[in-house]
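In the text below, chain A, chain B and the rest are named by the order of the sequence lines, each starting its count at 1.
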Amino acid sequence: MLFTQPIFLGFFVVVFAVAWLVRHNTGRKLWLLAASYVFYAGWDWRFLSLIAISTLVDYLAGLAVERTEEAGRRRAWLILSLAANLGILGFFKYYNFFIDSAAALLRPLGLEAGDRALEIVLPVGISFFTFQSLSYTFDIYRRRLKPIRSFLDFALFVAFFPQLVAGPIVRAAHFLPQLARLPQRSAVDVRGCLTLFLLGFIKKSCIADNVSPIVDPVFADPGAHTALAVWIAVLFYAVQIYCDFSGYTDMAIATAGLLGYELGPNFNFPYLASSLTEFWRRWHISLSSWLRDYLYIPLGGNRGSRLFTYRNLMLTMLLGGLWHGAAWTFVVWGGLHGAVLVVHREWKRRVQLPSWGVAGRLIGTVATFYFVCFAWIFFRAQSFGDAATLVKGYLLLQDNGPKTLDPALLAAFGALAIVHALYRRGWPQRLVSGLPGWAFATGYGAAAALALSFVPLRAAPFIYFQF
Amino acid sequence: MTRRISYLALAALSFLAVARLIDRLGPHPQDEVGHKLRYFEEHRDAFDLLAVGSSRTFAGVIPELLDAELKARGTPLSSVNLAMNAMHTHEADALIRRVLAMEPARLRWVLIELDHWTGVIHPGKELQPRTFLWHDSRTTLAAMRSTVLYYRPPDRRAKLLLSHLRHLGGEVTALGRGPQTVRHLWHGGETPAYPAYLRHDRGYNEPGWRIHEENFALGCGAAAGEDQLAFYRKRIERLNRKKDAAADLEGYDVRALRNQIEALRRAGVVPIYLVLPRTKATPDFLLLEQQGILEHLLAFNDPEAYPALYDLEQRHDCEHLNRRGAEVLSTLIAERLAPLVALSGSP
């Protein structure tokens with residue numbers, strides 16, 4: 001069940017209606033938990049067991065860590081939680097990757113590994129709910145959080161359907177206190193949530209899905225396309241992945257908001273970042289902050305020498321790349337970002353340039369965007385061979401083939417960039433909040449109809465569902 | 001609460017108004033059925049007869065030849081072929097109703113390929129604009145009724161019913177019609193050129209000569225590698241055995257058929273039902289004529305009566321004629337049609 005499918009509308013109307021009719025907090029949470037399990041079962045009911053395992057292990061581990069002061073025992077319970085969550089993730093997502101990589105390493109040595117690959121179905125959202133659940137145990141271990149006694153609350157924290165399959169990765173410290181009290185209807189910004197949902201829908205279904213047919217043929221056969229076509233396709237992939245993922249997040253945040261819960265932002269106009277460091281504070285915020293708090297800082301963060309810090313940064317970005325997908329192209333993508341982050345840090349340390357004001361910021365934004373698009377090539381390419389061909393085209397080093405794309409498409413890209421910048425200034429939000437109720441209702445209905453008319457009949461799958 | 005309900009109602013009304021406006025301002029869908037509808041709309045007062053049905057009709061009825069043969073028999077008519085690949089009964093019915101809504105001044109005869117009403121949606125056409133197009137509220141309800149009562153296998157009925165509702169939703173909301181409406185308005189209402197079969201052949205599509213015998217009978221279920229011609233000949237033998245078998249109308253949606261006939265008669269149009277030279281016996285169709293449910297039936301799925309239509313030289317495959325076969329069929333249709341036209345005093 002996707003947020004963009006009609007069946008979700010029916011599902012949500014029922015969940016919403018009952019959630020607000022039940023004026024008893026425990027009953028409400030039971031209802032939301034049941035709805036969340038039904039939502040996930042719609043993908044594959046068998047994988048509910050994985051959510052259940054992760055929930056049970058971390059709930060018990062959290063209580064056990066809190067109960068003991070002995071460092072060894074505390075660490076043992078944390079390791080159990082790590083093993084359970086990363087074990088589930090490692091098996092379902094990375095088993096074949098590790099087997100194939102090991103076989104590729106052994107082959108030059110004349111050793112054959114044999115066919116040990118398994119046909120493993122990747123459970124939807126596994127990268128998200130395992131990380132989310134794991135962060136709970138980590139926070140208790142680091143004494144930043146007290147464990148929750150209510151199993152119901154914890155189970156709902158892990159499985160809450162708006163953010164279950166593609167984030168944002170929610171922190172227990174942020175979400176669990178919200179479950180402690182019954183949400184008030186008057187506190188819900190209905191208009192804001194509805195607008196956010198529609199915007200997310202437009203980003204995903206109208207923009208990302210219409211861009212996909214432009215991008216896919218070029219990435220499928222880069223050797224047949226001119227450098228201009230590659231350049232346009234890479235730009236549009238940047239649009240596609242942003243609109244696809246942030247669109248889904250917007251719908252998730254809006255859905256949770258309508259139920260009275262706040263999930264926190266996940267994107268903050270990342271393509272307006274003037275440096276790569278700033279980009280990672282704006283892109284997939286919940287993941288980058290998770291990696292910072294549970295990987296970079298435990299590795300040592302910047303508490304050692306420069307080289308030590310850079311090592312931690314690279315490791316974090318390499319593993320962050322691997323989180324996105326079980327393929328070396330994702331690792332390279334992460335490594336590229338890590339390398340540029342290291343270079344940026346070293347550059348800032350060594351070179352003291354005067355501020356160039358707006359011009360400097362503009363140059364930084366364009367350069368950052370250019371690099372991010374370059375790195376997206378490795379994120380999206382089917383293989384390193386394809387990536388190499390695309391890189392040559394993107395850097396305008398080589399015209400590969402006869403197929404080209406209409407340069408007029410760049411006008412659409414320009415229009416999207418302008419809308420993006422205007423939205424950053426908040427004018428659509430101010431317009432919406434200032435309207436009388438009848439005008440908002442009329443405009444919303446009209447906008448929804450317009451949006452639906454731009455949904456292609458053949459929708460592309462959510463990109464981040466494969467993670 | 002009242003205010004919230006009124007806001008909901010306002011939102012719903014404005015939603016529907018904008019959806020209808022997009023539909024009204026936009027062109028016909030830029031696909032196979034849309035092209036034919038547009039062509040007919042532009043020439044609506046030029047035709048006395050139209051043929052509607054699946055690929056069998058698309059490839060089987062040559063309007064130019066049909067007209068020439070009818071003229072030679074003293075009953076000149078002008079005909080057009082609006083049949084299309086994978087057009088099942090409900091889609092054909094919706095197409096006929098759209099045509100009648102255009103109030104074509106000369107239209108008096110409709111050749112309709114007779115088949116079962118099961119509400120089926122062709123798997124390859126699920127996401128095409130033409131499938132959303134035929135899901136207006138009336139046709140969707142009729143298709144859902146046929147699905148509940150006549151679709152086989154029964155365990156897939158629920159899925160098909162949901163599909164009908166989804167398509168109805170898509171049609172009502174003008175799903176996906178935005179870009180072509182914008183393009184249509186941007187270009188001042190200009191529409192793309194017609195495909196060749198409309199520019200030259202008034203809707204008839206020549207399927208091409210049978211390529212080679214190995215794939216000849218694959219269209220009717222022979223496995224690759226099987227002796228295709230032997231399979232085809234077995235089908236013919238079975239057809240000869242079963243064509244006169246006892247039949248009943250329990251599996252046939254007679255109500256849907258009657259509704260179609262009534263709609264045509266109200267518009268002053270005579271329906272003539274056609275059974276193309278397929279390799280399936282249809283004794284229940286003959287029963288429809290015998291019981292007076294339909295008045296005119298031209299059934300050509302009889303190898304003994306029409307051996308030329310089953311001769312390999314006239315076939316594209318198990319289900320379709322090639323051009324030579326279409327010439328034979330069109331001539332036969334003209335032979336059977338001319339007395340009816342003469343009797344009616346039309347055109």
Side-chain angles (χ1 to χ4, degrees), chain A residues 1-2 4-11 13 16-17 20-21 42 185-186 188 190-191 194-195 197-198 201-202 205-207 209-214 258 406 408-409 411-412 415 432 435-460, chain B residues 1-27 29-31 34 121 124-133 135 158-159 162-186:
Chain A
M1 200 191 312
L2 298 173
T4 50
Q5 289 176 327
I7 191 170
F8 178 75
L9 183 63
F11 167 83
V13 164
F16 177 84
W20 287 107
L21 281 170
R185 263 189 290 243
S186 54
V188 175
V190 174
R191 198 182 280 206
L194 288 174
T195 307
F197 190 93
L198 182 60
F201 181 88
I202 289 170
S205 295
C206 302
I207 299 175
D209 285 357
N210 276 309
V211 160
S212 177
I214 299 170
L258 285 169
D406 187 353
L409 283 171
V432 161
L435 289 173
W438 64 266
F440 175 78
T442 309
Y444 193 86
L450 208 56
L452 270 176
S453 78
F454 279 86
V455 174
L457 296 181
R458 201 173 292 276
Chain B
M1 188 62 155
T2 320
R3 207 164 41 151
R4 282 192 196 129
I5 292 172
S6 59
Y7 287 162
L8 262 169
L10 258 176
L13 276 169
S14 77
F15 179 92
L16 283 169
V18 169
R20 291 295 89 212
L21 185 67
I22 291 168
D23 185 59
R24 187 58 66 89
L25 290 175
Q30 314 275 285
D31 71 356
I121 296 173
K125 308 292 176 191
E126 276 247 20
L127 292 175
Q128 286 196 4
R130 60 180 275 192
T131 306
F132 289 89
L133 183 71
H135 276 85
K159 196 174 165 191
L162 272 173
S163 185
H164 285 310
L165 286 172
R166 268 202 305 271
H167 282 94
L168 173 64
E171 169 59 12
V172 166
T173 58
L175 186 72
R177 308 251 296 132
Q180 69 184 34
T181 301
V182 167
R183 274 196 294 272
H184 182 68
L185 295 172
W186 183 266

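Counting heavy atoms from C-beta on, the side chains of B:Pro129 and A:Leu457 come closer than 4.5 Å.
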Report all side-chain donor-acceptor pairs from residues 435-449 of chain A shorter than 3.5 Å, counting only partners two or more places apart or in another chain.
residue: A:Thr442; atom: OG1; partner: A:Trp438; partner atom: O; Å: 2.8
residue: A:Tyr444; atom: OH; partner: A:Leu194; partner atom: O; Å: 2.7

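Considering CZ of B:Arg166 and CD of A:Gln5, their distance stands at 8.0 Å, rounded to 0.5 Å.
Neither the backbone nor the side chain of B:Glu126 comes within contact range of chain A; no heavy atoms are under 4.5 Å apart. For B:Leu127, the parts lying under 4.5 angstrom from a heavy atom of chain A are both the backbone and the side chain.
Residue with the most contacts toward chain B among A:Val190, A:Val455, A:Leu452, A:Leu450: A:Leu452 (heavy-atom pairs, distance under 4.5 Å).
Shown here is B:Arg4, whose CZ atom has no more than 12 heavy atoms of other residues, nucleotides or ligands within 6.0 Å. For B:Leu162, the CG atom is densely surrounded, since the number of other residues' heavy atoms within 6.0 Å is greater than 12.
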